[in-house]
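Everything on this sheet refers to the single structure shown next.
The structure displayed is predicted, hence computed values, not measured ones.
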Amino acid sequence: MASIERRGKNSFRLLVELGYDGNGRRIRKKKTIKIEDESLLKKKKKLNDFLQGELYKFKAEVEAGEYISPEKMYFADFIEEWKEKKGKKKLGIKTLTERLNLLKNHIIPYFQDKKIDQINPMQIVTFYDDLSREGARKDGKPGGLSPNTIYEIDKTLRNVFSTAKEWRIIKDNPMKEIERPPIQKTEMSFLDQDQASQLIIWLYENLSPTWRMIFLTALIGGLRRGEVVPLELTDIIWERNALSINKSVISVNGKATLKETKTGRSDELTMPQWYMDELKDYVDNWKKERELIDDQWKGGNNQYLFHNGIGERFHPQTITQKWWKIRKEHGFNIRLHDLRHTMVTLLIEEGVNMRIIQERARHSSSRVTNDIYGHVSQKAAQSAAEKFERFSPDNLSISANGPQLVPNSQK
């Protein structure tokens, strides 16, 4: 049996009867909902239809054993609900895995014995303070957690509590007024034009065709390592000198997993003619080697552009490890991902429009590009402005024939 009771001007209580327990007492489940839409309250039929729909869903949850009264729901219990009904449906596999690890290692142990509607802002602030202190790390290393890890924990908690508010498990979100923890940005490194040229020369002189093309693709295309490894022959658009970037490989707990790109779309990346000429020679050789491999091929129907010699694509970490060896032995003191930063920075310094750079970098918006590379574009703008210093009145000689530059020897 189920019913609806009006409790106030815009408040209604849903009631589901489940019979009697062993002591003869009624088993009832109750849920209060509030109608924020004033127009809905004025339309009797629509209001009734809405309430009946809510009652139907509530009754189904109760009978399936899925409903837990908010006042009885512990934080750890809600996390299970969040994981199944929100996390797995809305978050990418890598993001979900990272957040579940933070929940397991740090968040749940601290809040598991607390009811979710009783957690307050002061408890959360104290939790963050504890995380920064000695002993908070789970790897046995000294010190507390890094600012970036605490920032990720904050992001996770905000998602959890905003969901609890959305589902009306809690009345107020305790995260609402809490200031976000500071994030420690990793210093971005990149190669200038001369250094990039030196790197390309070195790649030709010291690496095999496969590894040379991998790093050239990362540098010239600005590709992330996870976008390089799943490239296939079918992703080459010869008629437009382009590569189709339509998938990515991520590492989750050490296991390589194929997924859609970070932007969730397929992008066409135009490459310079010399690169496409090199790529053609590489592919011609690739096909000859494929014929020689014959039945030893383990790539199935996939034709990975860069593979381990028998058709299997590289693990993203393999690319990183190879770069670290190069970096250590030959002094290119930048991370693999900084090849991507180099591509963007060189384009900014050449005065390429930021919208075009955003599209080439495959950022979700120009705001993302500006947030990451704003300081580079400011430096380029300052450099451009300095080109006009030569026209300062101090550097000009005013005469009847008009302004003229004053030679340094005459100043």
Looking only at side chains, do T342 and T345 share a donor and an acceptor under 3.5 Å apart?
no
Which of parallel (below 30°), tilted (30 to 60°) and perpendicular (above 60°) describes H307 and W286?
perpendicular
Over 60° means perpendicular and under 30° means parallel, so tell me whether F75 and F111 are parallel, tilted or perpendicular.
tilted
If I compare all heavy atoms of P230 with all of D235, which pair ends up nearest, and what's the gap?
O-OD2, 3.9 Å
Exercise: identify the closest heavy-atom pair between A164 and I116
CB-CD1, 3.9 Å
Non-hydrogen atoms of N159 and T163 that approach each other most closely:
O-OG1, 2.7 Å
Residues D194, Q198; criterion side chain to side chain donor-acceptor pair (under 3.5 Å); working and verdict
CA-CA 6 Å; D194 289 340; Q198 291 169 13; 5.9 Å; no
Taking atom types as modelled, is there a side-chain donor on S146 or N148 under 3.5 Å from an acceptor on the other?
no
Quick check: closest heavy atoms across F78 and I169, and the distance to 0.1 Å?
CE1-CG1, 4.0 Å
Give a yes or no on whether the backbone of L91 and the side-chain of T95 come within a donor-acceptor separation of less than 3.5 Å.
no
Do R335's NZ or CZ and the ring of W323 fall within the cation-pi criteria of under 6.0 Å and 45°?
no
Any side-chain donor-acceptor pair under 3.5 Å between R225 and T320?
yes
Would you mind telling me which of E312, E232, R313 makes a side chain to side chain donor-acceptor pair (under 3.5 Å) with Y304?
R313
Between E329 (side chain only) and I326 (backbone N and O only), is there a donor and an acceptor less than 3.5 Å apart?
no
Indicate whether any N or O donor in one side chain lies under 3.5 Å from an N or O acceptor in the other, for Y74 and Q118.
no
Side-chain donor-acceptor contact under 3.5 Å, D277 with Q273
yes
4.5 Å side-chain heavy-atom contact, F127 and Q123:
no
Could you tell me how the ring of W211 sits relative to the ring of F215: parallel (under 30°), tilted (30 to 60°) or perpendicular (over 60°)?
parallel
Compute both the distance and the angle, then confirm whether R212 meets the cation-pi test with Y204: under 6.0 Å from the six-membered ring centre, within 45 degrees of the axis.
yes
Taking atom types as modelled, is there a side-chain donor on D154 or Y128 under 3.5 Å from an acceptor on the other?
yes
